[in-house]
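Written out below as structure tokens is the structure these notes cover.
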Amino acid sequence: MDPRREWFETDYYAVLGVSPDASDPDITKAYRKLARKHHPDSSDGDEERFKQISAAYDVIGDSEKRAAYDEARRMGPAGFGPQMGGFASGPGGFSIRIEDLGDLGGIFGHLFGDGRGRAGRGDPMPMRGQDLETRVGVSFRDAIEGAITEVAVPDPSSGGMRKVKVRIPAGVDDGGRIRLAGKGSPGSGGGPNGDLFVIVDVARDTDFGRDGRNLTVSVPITYPEAVFGADVRVLDFGGNSVTLRIPPGTPSGKTFRVRGRGVKTRRGTGDLLVSVEIAVPTKLSAPEQSAVEALRDVTDFEGGSGRRQRNADPEPATLANGEPSANRSNSHATSGDSNAAGETDTNSDTAGVTP
């Protein structure tokens, strides 16, 4: 179908489910939501619907094309009827000179050529192909290490879909946007192809998290290890063993930085942030039970912040409203944020971490 006639016959705003006065960000948001839902690779994929959505966004997602589309819809199909010599038959049979439309005429001339659909010398008007956007899901490991995958995009020449290889760069972030130059829709009249933009959706990992170029992980330690200190062996993301030196009196939630064990990117390598959590056993053997009870009996809370006090008798604590309740306390966990005071900055050259 002639693209001009398609403009008159298709309500692209309705295709994307937005109003004609919708803002550019609202149009983009609606497009991405529908494209994600109807992409052929998704569980509810609909190839034909996906092509309609892409075609609609190609027009009203571009400010220049949108202005021309809105004016064309306002004029109606008669505004661009049979054309000769740069004239178009308008409503009621009168003639419209494209060049008399001022800036709008320049937009139509750029999009469709002049009244004859040709450039001034009779050659086809070069038109750049439309940009395309799609999404691809990758594993946490592939995002860290890099990978090569494929995506399906509309192929206007065949009316179907075509496969495009995508190189996922090492260290790509969730939501990262990869540009593949010339992999969009083909141009016409000798014009260049459009580009393909691939949005990366990174899956979560069961053990590791990510904060920019830093990797995060939580490891358990025992209460005696926290009290007396210990050397604890942990594995980094690559499976390499690192010995983490826990100093005596380490609180639960304290974070240690192991330099150079994070995400490697072209801009640099991040660190591994290890947070230790004191593991509380749910089942105790008889000797363990006796040891914990003995520790309880000799533990002195004096000298603390004053907000936690040891009861001198077995009577239950009383809330402000006079109702008895179980003993309650305020605990102050050390922040695991990499910029908090609770973080210990160490590397393989210090006593804190031994590779």
Side-chain angles (χ1 to χ4, degrees), residues 3 6 12 15-16 24-25 27-36 38-42 45 47 50-69 106-107 109-113 119 123-139 141-203 212-213 263-268:
E6 182 178 348
Y12 289 142
V15 171
L16 295 184
D24 291 343
I27 290 175
T28 299
K29 182 178 180 181
Y31 162 71
R32 289 179 175 174
K33 180 179 180 181
L34 292 172
R36 186 162 48 245
H38 296 288
H39 193 282
D41 290 341
S42 68
E47 182 175 329
F50 181 75
K51 289 192 292 183
Q52 294 172 357
I53 294 166
S54 299
Y57 184 68
D58 176 59
V59 177
I60 65 175
D62 181 285
S63 57
E64 183 177 308
K65 291 182 181 180
R66 183 183 181 184
Y69 171 77
I107 293 175
H110 172 69
L111 295 176
F112 299 122
D123 297 325
M125 173 65 72
M127 290 181 62
R128 182 180 182 277
Q130 71 181 64
D131 291 338
L132 300 177
E133 183 177 287
T134 188
R135 307 184 76 91
V136 64
V138 300
S139 68
R141 181 167 295 278
D142 283 346
I144 299 299
E145 300 177 349
I148 295 178
T149 186
E150 287 186 339
V151 295
V153 296
D155 184 2
S157 61
S158 67
M161 303 294 288
R162 60 186 171 92
K163 296 287 187 179
V164 178
K165 285 188 176 182
V166 182
R167 185 181 69 83
I168 306 299
V172 66
D173 285 312
D174 183 40
R177 199 164 186 247
I178 301 173
R179 174 176 174 265
L180 301 179
K183 296 299 183 180
S185 294
S188 61
N193 294 347
D195 298 333
L196 173 63
F197 294 91
V198 181
I199 310 300
V200 182
D201 295 321
V202 181
R213 291 197 294 265
V263 182
K264 295 182 179 180
T265 71
R266 290 180 296 179
R267 296 182 178 181

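Only a predicted model underlies this, so the values are computations on that prediction, with no experimental measurement involved.
Separation of atoms CG (D155) and CE (M161) is listed at 9.0 Å; rounding is to 0.5 Å. H38 contributes atom NE2, which lies 9.5 Å from atom CD of Q52 (distance to the nearest 0.5 angstrom). Atom CZ of residue R167 and atom OG1 of residue T149 lie 13.5 Å apart, to the nearest 0.5 angstrom. Atoms CZ and CD1, from R36 and I199 in turn, are 9.5 Å apart once rounded to the nearest 0.5 Å. Between I148 atom CD1 and D142 atom CG the span is 10.5 Å, to the nearest 0.5 Å.
The minimum heavy-atom distance linking P154 with K51 is given by the pair CB-CG, 3.9 Å. Nearest heavy-atom pair across I53 and L16 is CG2-CD2, 3.7 Å. Closest non-hydrogen pair, Y12 versus I60, comes out as O-CD1, 3.8 Å. Closest heavy-atom contact between T28 and Y57: OG1-OH, 3.1 Å.
Atom CZ of R162 is surrounded by more than 12 heavy atoms from other residues, nucleotides or ligands within 6.0 Å.
By the side-chain contact (heavy atoms from CB on, under 4.5 Å) test, R266 is found to be paired with no residue, residues two or more places apart in sequence or in another chain being considered. Annotation: salt bridge (charged side-chain N to carboxylate O under 4.0 Å, His left out) contacts of D24 (sequence neighbours excluded): R66. Residues passing the salt bridge (charged side-chain N to carboxylate O under 4.0 Å, His left out) test with R141, sequence neighbours excluded: E145. Shown here are the side-chain hydrogen bond (donor to acceptor under 3.5 Å, both in side chains) partners of T134, two or more places apart in sequence or in another chain: H39.
A donor-acceptor pair under 3.5 Å is formed between the side chain of N193 and the backbone N or O of G187.
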Hey, can you pull the donor-acceptor pairs under 3.5 Å for the side chains in residues 171-178, sequence neighbours left out?
residue : atom : partner : partner atom : Å
D173    : OD1  : R210    : NH2          : 3.1
D174    : OD1  : V202    : N            : 2.8
R177    : NH2  : E133    : OE1          : 3.3

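Within the structure, the salt bridge (Lys or Arg N to Asp or Glu O under 4.0 Å) test picks out the following pairs touching residues 178-191 (sequence neighbours left out): R179-D195.
R267 has its side chain within reach of R213: a pair of non-hydrogen atoms, C-beta onward, lies under 4.5 Å apart.
With S185 as the partner, the side chain to side chain contact (heavy atoms under 4.5 Å, CB included) test is satisfied by one option alone out of V153, L196, L132: L132.
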